[in-house]
Protein chains: 2
Amino acid sequence: MPQKNTPAGLDVSGPDPLYKQVEQRILQCLADGEWKPGEQLPTESQLAERFGVAVFTIRAGIGELAASNILVRKQGKGTFVARHSRLRQRYQFSHIHDAAGRQILPGRELLSFTKGTATAAEAARLGFPPDARTPVIRLAMISVDEGKTVATLDIVLPARLFGSLTAAAVRNAQENLYAAYQDECGVNVIRVEEHIHAALASAAEAKTLKIRTGSPVLRVERMAYTYRGLPVEFRTRVFDATQYHYRTVEGGI
Amino acid sequence: MPQKNTPAGLDVSGPDPLYKQVEQRILQCLADGEWKPGEQLPTESQLAERFGVAVFTIRAGIGELAASNILVRKQGKGTFVARHSRLRQRYQFSHIHDAAGRQILPGRELLSFTKGTATAAEAARLGFPPDARTPVIRLAMISVDEGKTVATLDIVLPARLFGSLTAAAVRNAQENLYAAYQDECGVNVIRVEEHIHAALASAAEAKTLKIRTGSPVLRVERMAYTYRGLPVEFRTRVFDATQYHYRTVEGGI
DNA sequence: TTCGATTTGTTCGTATGTATT
DNA sequence: TAATACATACGAACAAATCGA
């Protein structure tokens, strides 16, 4: 008998330690939608019984997912699937700051909500074959802060995942659009990658942002991913580089 | 007796749990230079005896510092103070990518190494009073990749911490300048904050980067910090935005 | 308001596995 | 091979937070 399998499928003699297998199993359940954003997971003892391991091992697995902001533990209540709060960002996903260093948390205004097919470039980014005419939803928006247009915001979403998204839901969404993705479509963004470019404002951008054509702008292209690296959103933000900049922090303590 | 103190000073009845106190004590030892970059810490059992707690508690404290890349644990060997490798970045501190998405890991060329006093703005960033005429070291460099000048790189260092730094040490430093800071001056960078601006190339920048004056550039201003939030370096990098861009990733798994 | 049941947080002791020297 | 050191795993106890009776 070269290996021992518990009924739950965890492999005691496998290459990965049990707590990492627990982590993967929980991630799989999340990807399968068994536990949706905001919902409570079974208690640690229940999970221990289900997976056939000690509570200690469950805690180690959950601990890693909590450190990654995938799960949230609340003493006395339980363990929950992390949500994007409606009122503030779960991550510091908004990196726009003004010249004084103050973080800008702008509101949004929806200009258009249209359905179409992905361009080859968009399909490639969203993980679809370039010639598949993948149905997408396009959102054209502007970011507004204290009455000023801070940035243009263009979003491309695969229609297959976001079929239930409506213009009204986008308009009603408060600070964080990703909360609407969760509530309306069950899509949970857990990772983003951004490419920051500098460019000169096009005539259209200049008009929207009320700046001069050819003045410097920052263009931020973001890919957002859900569980298991599945790409779910491509967005482009353009803003006046003479008024605003982009800020990041790296490293701990 | 409202509280109980072990001889090592850990407060059992304090507001913070023991493992967090262990974390703080270890951080203090690092800040005091008791264990220098690359050196081995006492074993977990020794630390447990020293602090008067169980090995489990020491492991919890060390675990948090290891997760922050402050310490490195090696099975069978011991726990070590993390180092900036000479050959590659400990963090993905280099965020410059080309149009094809390839990360640029450029070499450096030292143009000048001078000593002077901080401007008011520099003093403010480095945590000194603006009128103190704080002595600083200035490094003017260019980043070079495959024979091309990728970026200008200007660094300001407080002379008080970097008195032992020499132009030769900077020239000899391989990929990672922060390794030289460790080896030559015992300064360990553990956190950086970057502000990314877009601008139009000045005449001087254009000449160095071999681009046209007024073409778009990205200007990245970085503050680097060591233990306990002490600022130790201010650097500015400027590069051609038509060839290169800045990339970040956020979130887990 | 108080009390008790539930759930996670912290701490300890112990045993065994695995990498290093 | 043997000793050392960290990694994994289990069991147990109590603390702290939460919630409902």
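Each chain gets a letter, A, B and so on, in the order the sequences are listed, and its residues count up from 1.
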Protein within reach of the bases, or only the backbone? For nucleotides 13-21 of chain D, mark each nucleotide 5' to 3' as B, S or -, using heavy atoms under 4.0 Å. --BBBSS--
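T79(A) comes within contact range of the sugar-phosphate backbone alone, with a heavy-atom separation under 4.0 Å but no base atom that close.
Under the rule for a salt bridge (charged side-chain N to carboxylate O under 4.0 Å, His left out), R160(B) has no partner lying at least two apart in sequence or in another chain. The ring-ring contact (aromatic ring centres under 6.0 Å, His included) test applied to F162(B) returns Y181(B), not counting sequence neighbours. Remark: E34(B) pairs with R50(B) by the side chain to side chain donor-acceptor pair (under 3.5 Å) rule, at least two apart or across chains. Judged as a side chain to side chain donor-acceptor pair (under 3.5 Å), and not counting sequence neighbours, Y225(A) has no contacts. Take R222(A) and apply the side chain to side chain donor-acceptor pair (under 3.5 Å) test, not counting sequence neighbours, and it matches Y178(A), E194(A). In this structure, Q75(B) has no side chain to side chain donor-acceptor pair (under 3.5 Å) partners at least two apart in sequence or on a different chain.
Proximity of R59(B) to the phosphate of dA7(D): a side-chain N or O atom is located under 4.0 Å from OP1 or OP2. The side chain of R73(B) places no N or O atom within less than 4.0 Å of a non-bridging phosphate oxygen (OP1 or OP2) of dA5(D).
Nucleotide dT4(D) holds its C1' atom 12 Å from the CD atom of E44(B), rounded to whole Å. The nearest whole Å value for the distance from the CZ atom in F56(A) to the C1' atom in dA12(D) is 13 Å. In this structure, L47(B) atom CG and dA5(D) atom C1' are separated by 12 Å, rounded to whole Å. In this structure, E23(A) places its CD atom 12 Å from P of dA9(D), rounding to the nearest Å.
Side-chain atoms of Y227(A) and L230(A), non-hydrogen and from C-beta on, never get closer than 4.5 Å to each other.
Taking a pair to require two hydrogen-bonding distances under 3.5 Å in either a Watson-Crick or a G-U wobble arrangement, dT1(C) remains unpaired.
Nucleotides of DNA chain C lying under 4.0 Å from heavy atoms of chain B occupy a range whose first and last members, 5' to 3', are dT10(C) to dT21(C).
Within the structure, side-chain hydrogen bond (donor to acceptor under 3.5 Å, both in side chains) contacts touching residues 52-67 of chain B (residues at least two apart or in different chains) are E44(B)-R59(B).
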Applying side-chain hydrogen bond (donor to acceptor under 3.5 Å, both in side chains), run through D16(A) and Q21(A) and close with a yes or a no. CA-CA 7 Å; D16(A) 283 343; Q21(A) 296 180 47; over 6 Å; no
